[in-house]
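Whatever order the structure lists them in is the order used to number ligands and atoms, beginning at 1.
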Amino acid sequence: MAKNIQAIRGMHDILPDQSGRWLFLEAHIMEVLARYGYQEIRTPIAEMTELFRRSIGDVTDIVEKEMYTFEDRNGDSLTLRPEGTAGCVRAGIQNGLFHNQIQRLWYRGPMFRHERPQKGRYRQFYQMGVEAFGLEGPDIDLEMVAITRRFWQALGLEGLQLQINTLGTAEERVLYRERLVAYLSDHRKMLDEESERRLQTNPLRILDSKNPQMRELIEQAPTLMEYLNRASKSHFELLCAGLESLGIEYIVNPRLVRGLDYYTRTVFEWVTDQLGAQGTVCAGGRYDGLVEQLGGRATPAVGFAIGLERLVLLLEQQPELPAVSAPDAYLVMVGEAPQAAGITLAEGLRDRLPALRLLCHCGGGSFKSQFKKADRSGARYALILGEEELSRGVIGVKSLRDDSAQQEVAIAALAEHLRTRL
Ligand code: HAM
């Protein structure tokens with residue numbers, strides 16, 4: 001027998017018994033975004049490799065080690081998107097969305113990173129991302145956080161912690177970088193191999209190291225906060241004041257540096273301790289330099305993305321799981337005439353009851369086997385149509401979720417009957 005072909009490592013199927021949760025999440029998130037006036041943008045799954053090199057940064061883990069890059073038949077270097085911000089910015093510049101305009105956008109879709117797979121970390125994963133362009137004040141940063149809080153409320157998720165930090169402007173970071181490199185160079189013996197390499201290429205990322213032997217060194221490192229000018233400080237303070245006035249709890253984490261190079265000023269993450277090592281469910285920040293860096297007119301911007309697999313995992317740990325959508329009714333039809341009449345009856349019911357979820361049995365079979373399938377479908381009611389019922393113009397309605405007796409209802413009155421029972 002031929003060997004079965006398996007899915008690619010780190011890439012998963014979302015099976016029908018899980019997709020209900022995904023729909024639940026996405027529907028609530030989309031509903032919240034509509035309430036804040038955000039519009040969807042859909043961009044291609046593949047982009048020119050250059051786009052990610054120039055935005056995410058050449059010396060980041062993503063670009064150095066994790067991208068799915070390939071040459072297409074024309075010899076162009078393409079990459080499956082590892083994230084959504086770069087594509088949004090590219091699309092906005094290309095289509096003139098940023099000229100004297102404010103854009104509030106969202107997107108969802110698969111992203112690809114060749115990371116080591118583990119719980120909560122995959123090679124294909126889904127993000128829902130939100131980006132706002134053309135607004136430079138801390139008020140839009142605050143709106144971003146307020147939106148995320150409303151997501152958690154709408155989804156009934158608890159126990160998420162908000163961490164925020166500021167990374168200053170590009171100029172402030174140059175000064176800070178010099179100071180940080182000097183400090184780390186003074187303690188070079190304590191750096192691990194990875195950090196030694198990063199010292200020249202991307203020293204800020206050393207602050208993000210998980211190596212416990214470097215914890216003390218990192219804790220005592222100078223912080224960027226000390227190098228901020230008045231405007232950056234005030235931006236951060238206004239954001240903090242806004243969070244307080246909205247009653248959003250947060251902690252300032254000066255070691256929060258993010259793994260992508262485009263950030264400026266505000267960065268934030270929502271983290272949980274319920275998912276083990278992959279505890280960040282949502283992350284983002286401001287990236288005021290990116291539009292210009294990619295060839296557009298200077299445009300301030302801020303955004304974030306949620307990792308949907310992580311949110312699904314978190315949802316599954318909540319004490320009260322949202323109900324998975326089961327059909328309301330399952331139509332059992334035994335015999336040739338009932339089968340023909342049943343399909344017409346079902347279409348009539350769907351016309352009259354737009355909210356009804358009705359599964360029609362297909363493929364014939366005995367009453368017993370059809371009834372078993374009705375039960376397994378999770379439906380609340382079985383509707384039973386046999387030769388004898390049909391000849392009398394009635395149908396059996398049997399509750400599948402309790403022991404109440406089967407009722408007989410006139411076919412002509414069935415829609416009304418179901419309307420009152422559902
Ligand atoms: P990111 O921090 O790289 O940021 O990813 C955002 C979220 O995507 C993470 O917090 C996590 O929940 C999820 N995620 C990332 N990698 C994986 C993975 N391998 N498996 C499962 N989930 C993952 C960005 O992507 C930025 N584009 C966010 C942003 C938007 N910043 C501004 N605007």
Side-chain angles (χ1 to χ4, degrees), residues 8-12 14 25 29 38 41 43 47 51-52 55-57 60-63 65-68 80-90 92 103-133 135 140-141 143-145 147-148 151-152 157 160-165 167 205 208 256-272 274-291 299-315:
I8 298 166
R9 187 164 130 82
M11 303 196 180
H12 296 282
I14 296 163
L25 276 182
I29 290 175
Y38 283 70
I41 181 167
T43 65
E47 297 274 359
L51 175 68
F52 301 116
S55 53
I56 297 169
T60 54
D61 283 349
I62 297 180
V63 171
K65 311 184 214 166
E66 297 170 0
M67 294 205 303
Y68 280 88
L80 297 183
R81 60 182 182 194
E83 57 104 54
T85 308
C88 259
V89 172
R90 196 261 319 130
Q103 296 289 348
R104 285 179 162 90
L105 307 174
W106 67 268
Y107 54 86
R108 70 174 150 171
M111 309 291 160
F112 303 84
R113 296 184 194 176
H114 196 275
E115 294 191 78
R116 199 165 44 76
Q118 61 179 84
K119 182 181 163 199
R121 189 165 70 195
Y122 312 100
R123 290 183 174 169
Q124 174 176 324
F125 59 96
Y126 286 80
Q127 282 187 346
M128 266 179 114
V130 177
E131 317 284 356
F133 295 94
L135 296 164
I140 187 71
D141 302 11
E143 178 170 295
M144 290 285 154
V145 179
I147 289 175
T148 51
F151 289 157
W152 319 144
L157 294 177
L160 284 163
Q161 184 198 53
L162 173 65
Q163 300 194 352
I164 62 169
N165 189 25
L167 298 181
R205 287 287 289 162
D208 203 25
L256 185 68
V257 289
R258 310 277 302 120
L260 307 95
D261 278 356
Y262 49 62
Y263 291 105
T264 51
R265 292 192 168 160
T266 310
V267 289
F268 67 93
E269 292 190 353
W270 284 93
V271 296
T272 170
Q274 296 171 56
L275 294 180
Q278 306 305 318
T280 307
V281 298
C282 170
R286 184 164 273 287
Y287 48 97
D288 292 334
L290 186 58
V291 176
T299 306
V302 59
F304 64 84
I306 295 176
L308 288 182
E309 282 82 358
R310 295 186 190 177
L311 214 54
V312 171
L313 285 170
L314 199 58
L315 197 69

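Below 3.5 Å of separation, one finds an N or O of Tyr262 facing an N or O of ligand 1. Of the polar atoms of Ile306, none of the N or O atoms is found under 3.5 Å from an N or O of ligand 1, judged by distance alone. Looking at ligand 1, you'll find an N or O of Tyr122 within less than 3.5 Å of one of its N or O atoms. For Glu131, a nitrogen or oxygen atom sits less than 3.5 Å from a nitrogen or oxygen atom of ligand 1, counting backbone and side chain alike.
The closest protein non-hydrogen atom to atom 27 (N) of ligand 1 is Glu83 OE1, 2.5 Å. Of the protein's non-hydrogen atoms, the one nearest atom 14 (N) of ligand 1 is Phe125 CE1, 3.5 Å. The protein non-hydrogen atom at the shortest distance from atom 19 (N) of ligand 1 is Glu115 OE2, 2.6 Å. With hydrogens left out, the protein atom closest to atom 13 (C) of ligand 1 is Gly307 CA, 3.6 Å, a heavy atom. In this structure, the protein non-hydrogen atom closest to atom 4 (O) of ligand 1 is Arg258 NH2, 2.9 Å. Nearest protein heavy-atom contact of atom 31 (N) of ligand 1 is Tyr263 OH, 2.6 Å. For atom 12 (O) of ligand 1, the closest non-hydrogen atom of the protein is Thr280 O, 2.9 Å. Of all protein heavy atoms, the one lying nearest to atom 8 (O) of ligand 1 is Gln127 NE2, 3.1 Å.
For ligand 1, the atoms lying closer than 4.0 Å to a non-hydrogen atom of Gly120 are 20 (N), 21 (C), 22 (N). Less than 4.0 angstrom separates some heavy atom of Val281 from each of these atoms of ligand 1: 12 (O). Every atom of ligand 1 is numbered from 1 in the order shown, and the set under 4.0 Å from a heavy atom of Thr85 is 26 (C), 27 (N), 29 (C), 30 (C), 31 (N), 32 (C), 33 (N). Atoms of ligand 1 found under 4.0 Å from any heavy atom of Gly284 (numbered from 1 in listed order, with element): 31 (N).
With a 4.0 Å cut-off on non-hydrogen atoms, Arg121 touches ligand 1 through its backbone as well as its side chain. Contacts with ligand 1 closer than 4.0 Å are made by no heavy atom of Met111, backbone or side chain. Residue Phe304 touches ligand 1 through its backbone alone, judged by heavy-atom distances below 4.0 Å. Here Leu260 has side-chain heavy atoms under 4.0 Å from ligand 1, and that is the only part of it that gets that close.
For atom 7 (C) of ligand 1, the candidate residues are Ala305, Cys282, Ala86; the nearest heavy-atom contact is made by Ala305.
Side chains of Leu157 and Phe151 form no contact here, defined as non-hydrogen atoms less than 4.5 Å apart. The shortest side-chain heavy-atom distance between Tyr126 and Pro110 falls under the 4.5 Å cut-off. Residues Trp270 and Trp152 form a side-chain contact, since some pair of their non-hydrogen atoms from C-beta on lies under 4.5 Å apart. Between Glu115 and Asp61 there is no side-chain heavy-atom pair separated by less than 4.5 Å. Residues Glu83 and Ile56 meet the side-chain proximity criterion, which asks for heavy atoms closer than 4.5 Å.
Side-chain polar atoms of Tyr38 and Glu143 form a donor-acceptor pair below 3.5 angstrom. With 3.5 Å as the limit, one finds a donor-acceptor pair spanning the side chains of Tyr262 and Thr85.
Here the closest non-hydrogen pair linking Gly285 and Phe268 is N-CE2, 4.1 Å. Across all their heavy atoms, Arg123 and Pro117 have their closest contact at NH2-CD, 3.5 Å.
The backbone N or O of Arg258 sits less than 3.5 Å from a side-chain atom of Arg205, completing a donor-acceptor pair. Here the side chain of Arg286 pairs no donor or acceptor atom with the backbone of Thr266 at under 3.5 angstrom.
For the side-chain contact (heavy atoms from CB on, under 4.5 Å) with Cys282, the lone residue among Val271, Thr148, Val145, Val130 that qualifies is Thr148. Checked against Tyr263 for a side-chain contact (heavy atoms from CB on, under 4.5 Å), the options Leu167, Asp288, Asn165 give a single hit: Leu167.
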